[in-house]
Amino acid sequence: MASKDEVNDSRDTPVSQALGLCTVCSTIDLAEYFRAERDDRIDRATGWIEAASTAKRLGFLRDICLKAHECSFCQIIVQSICTTYLRKETTPEALLEREQAATQPRECWLYSYCSAKNDRIEDGDPNSKAIRIGIAYRAGVSASGGRAVDGQIGDIQLLHEDSMRVRNSRAFFGRRMDPTLDLDLVAYWLNLCRIYHGVRCNGPSLSSGDEPKDLLVIDVKRKCITKLPAGARYLVLSYCWPTREMFRALLANVDELFRPGALSNRWDELPAVIQDTINLTFDFGETYLWVDALCIVQDDQAQKYAQIAQMDRVYTSALMTIVPVLRTLDPDKACSGLPRYNPKVKTRGQKISVVQGMHLAVPFEAVFGVVDGNARWSTRAWTYQECLLSRRILFLTESQAYFQCRHSIFCEDCRGEIDSTDVYFAPGTSVWNPGALETSSGRLTLGFGTLHLPREAYATDERAILAYLNYVQDYSVRQLTQASDALNAFRGIQNVLCDTMQTSFWHGMPEKYLDNALLFIPYSHRPRAKQSQEDYIPNPGFPSWTWAAWNCAVDNGQYFLCTSHGIRREVDWFIICEDDYAIALESKGRSGMIRFPHADNKELGMLGSIPSGVLPPLRNRTSVSADVQITDSHALLSCWTMALDLYLPGRAVPLGSQGKRWPASEHLAICDGQGRWIGSILLNKLWVQDHLDKTRPYRFILISRSEDILMFRDHDVSLYDTGLFESRPWCFLNVMMVDVLGSTAQKLGIGAVHEDAWLQGDTTRMLVKLE
């Protein structure tokens, strides 16, 4: 295939005028730093590279700022820090002002490290890797010494045009960027992925049965909507809607939109981001583009539901997803166009300086430093699944374009393209992909809940549970316009998890791992979406037992150790449907590190003990419509369990160093009728302030058992009266605090009670129906 190795170097990237060197920098042979690693080390705890204690001291940062106007290397150091420092771009003037006002001035240190390596080539081969210079810092040390261990504050790369001076290779070195996006380079990235990345990015192959059905797309050549021809390629736009009214496909205009030229007639009514993407698709040589606002008829509920139900197919089947990322939370500014494509959209310029006859450039940060909480796209719920479901994404940012697939990240400012899949990239660099699937050398491992949804079944229960909990937790912090979309915007992820976790889902909860999934804890005041009523259970459109009902971020696996320790099933679960029949669920819990029973633990005897006639008639699973699992908001989660009335006297239970994890919650003692402290529960502060009655009993029901509670618990933190009850594995019974509403109940919170105290209480066996 055609190579992109030869590039036009007469580009318009501004190069700082060559200056002299200060007395410190004149003693440094920079070519030696680019030939091999010098004074670096790997932090074994994190795997990140940092400066060793032998790194060369450059002096105080404020002095480097003052010398930047006369020393070319000091100048590129300052530019590097301004670009990458704490992922917040600043100016040299602002940096100097900050350093002059600092009470603990920072010193800078020089080292170099391997930024990329082809694992197919022996380490001693000069073609195997590329080296970058790192700038480390330490605050509050004297000029006489100190180790550069506080972290990296800057990064400098050698442009490929000078790479032959230090290595017989141009791979992985810096690249001059064009003033605007080079679509030929994007095509090169796409072809590399399609040809060389194999099943990692292109499989398992999609059969015709897996393609999205009845998909409408934009024909960018005819400027109209059409039905996607079978087997045709298409691009997808992932973006955020503006707050102002924009043109959308509706029942009243959809027939018009099928006529050639229809979008040209409506052009001025489209946001700039959609206009630009239509033009980019045309310039890229593709014909079809999918944009939700125009390809889903927004007021046709049947068509809209059918498309939402196949979002996994829409994004997975696309040739590439285009994502514009502007560092703004303003919804209208976020739609102002495609960075790097539309010259009217402001971008950050590449910084290049000539030092010792070599062209040095400041590399932009990793895509995950750009696509962060300062970009509206990264805060929205719908875009979360769009990112996870896409095979390939072209991020268009104010810095540069990044092409991210399931194996690699390519970008404009680094020549990271290589046909080998066995490549190591240093963490944090612009071509590092922490969410990539594992390579044969084991360099990269899957970041669960980070970037990609694997399409293969999880090898263990632990991996399946961890993936699910992380996806839900990451999703729960995202914002929605409509609270009623909480499950719709997760539907594509759920479709994939059904296959990889090998389980059915009920309102976003995995049936096989229901005992684990029920242990989520709401931990934030901030609502995920606006709604008609504000309450502790703010979304009555969903059952209280699913995370979707709680309009806030949820915590998984930190209080109840769902992945690191065991969760034992103690009750049988059923779904009671609106038509008055029951479905038996197949939850399995998770085995622990210590076998149950242990020491004085007791078998509670609830499994399989439900009396006949208590449940409605059981129906065979195969005769139940799959839609019941998604749309039946009247479905009741039911169990034959033990119930006990207990008290919340308002006594706070300290969590020690872990208390900051749940700033919006109160950790309260659970007491029995004798006033003994028998357990603890995390409850929302607002509910406690408005509703807690310290004198009345509350109903608690048994739902499962934990091997242990609270990860990394401080030695002086207790969850019950240790003077009365023995501490041992599996002594924690997981209980749900419920609000009894006649024949049904509603979840209020999840806590843990010591097994001995529970069995000493006046428990009642009953069928509980949770709504």
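For reference, positions follow the sequence shown, starting with 1. Heavy-atom basis, side chains included; hydrogens, waters and symmetry copies ignored.
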Out of the candidates L235, T281, I393, only one should pair with M320 under the side-chain contact (heavy atoms from CB on, under 4.5 Å) rule; please name it.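 The side-chain contact (heavy atoms from CB on, under 4.5 Å) with M320 is passed solely by L235 among L235, T281, I393.
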Of all residues at least two apart in sequence or in a different chain, which pass the salt bridge (charged side-chain N to carboxylate O under 4.0 Å, His left out) check with [X]?
X    : value
D413 : none
D292 : none
E412 : R340
R194 : none

Applying salt bridge (Lys or Arg N to Asp or Glu O under 4.0 Å) as the test, list every pair that has at least one member in residues 221-244; sequence neighbours left out.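 Listed by first then second residue: D214-K227, D219-R222, R233-E286, R244-D332.
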Is there a donor-acceptor contact under 3.5 Å linking the side chains of [X] and [Y]?
X    : Y    : value
Y341 : D283 : yes
N202 : R392 : yes
T83  : R348 : no

Not counting sequence neighbours, which residues clear side chain to side chain contact (heavy atoms under 4.5 Å, CB included) with [X]? List them please.
X    : result
Q298 : W241, R248, L250, I296, K304
D300 : L251, V297, A302, Q303
S378 : V371, A375
V345 : L326, P339, N342

Under the ring pair (Phe, Tyr, Trp, His ring centres under 6.0 Å) test, which residues partner [X], sequence neighbours left out?
X    : answer
Y288 : none
W545 : H507
Y315 : W290

Does F258 CZ have over 12 foreign heavy atoms under 6.0 Å away?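 Counting neighbours around CZ of F258, more than 12 heavy atoms of other residues, nucleotides or ligands fall under 6.0 Å, so yes.
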Residues R391, T321; criterion side chain to side chain donor-acceptor pair (under 3.5 Å); working and verdict: CA-CA 8 Å; R391 289 175 179 246; T321 299; over 6 Å; no
Once you measure the plane-to-plane angle for F172 and F425, does it fall in the parallel (<30°), tilted (30-60°) or perpendicular (>60°) bin?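 Rings of F172 and F425: perpendicular, over 60°.
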Report the relative orientation of the aromatic rings in H197 and F410; use parallel for angles under 30°, tilted for 30 to 60°, perpendicular for over 60°.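 If you compare the ring of H197 with that of F410, the planes turn out tilted.
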Considering all heavy atoms of both residues, which atom of [X] and which atom of [Y] are nearest to each other, and what is their separation?
X    : Y    : answer
Y234 : S317 : OH-CB, 3.3 Å
H407 : C201 : N-SG, 3.6 Å
P454 : V496 : O-CG1, 3.8 Å

Output the distance between atom CD (Q494) and atom CZ (R491), rounded to the nearest 0.5 Å.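 Reported to 0.5 Å precision, the distance equals 6.5 Å.
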For the atom pair CG (L280) and CG (L396), what is the distance rounded to the nearest 0.5 Å?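 So the CG of L280 and the CG of L396 are separated by 7.0 Å.
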Test salt bridge (Lys or Arg N to Asp or Glu O under 4.0 Å) on D372 and R327 and set out the steps. CA-CA 8 Å; D372 60 10; R327 291 175 70 83; 3.4 Å; yes
Does the side-chain contact (heavy atoms from CB on, under 4.5 Å) test come out yes or no for W382 and L480, once each step is laid out? CA-CA 8 Å; W382 285 98; L480 280 163; 3.8 Å; yes
Looking at E386 and R380, does any basic side-chain N land under 4.0 Å from a carboxylate oxygen?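 Salt bridge between E386 and R380, a charged N being under 4.0 Å from a carboxylate O: no.
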Mind checking whether F505 and M501 have side chains closer than 4.5 Å, heavy atoms only?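 The answer is yes, as the side chains (C-beta and beyond) meet within the 4.5 Å cut-off.
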Using the benzene-type ring in the case of Trp, are the ring centres of W547 and Y475 under 6.0 Å apart?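 Yes, the ring of W547 comes within the 6.0 Å limit of the ring of Y475, centre to centre.
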Decide yes or no on side-chain contact (heavy atoms from CB on, under 4.5 Å) for V236 and L289, but give the supporting numbers first. CA-CA 6 Å; V236 166; L289 169 68; 5.8 Å; no
If you apply the rule salt bridge (Lys or Arg N to Asp or Glu O under 4.0 Å), what do you find for D555 with R661, and how did you get there? CA-CA 9 Å; D555 177 57; R661 289 197 59 86; 3.2 Å; yes
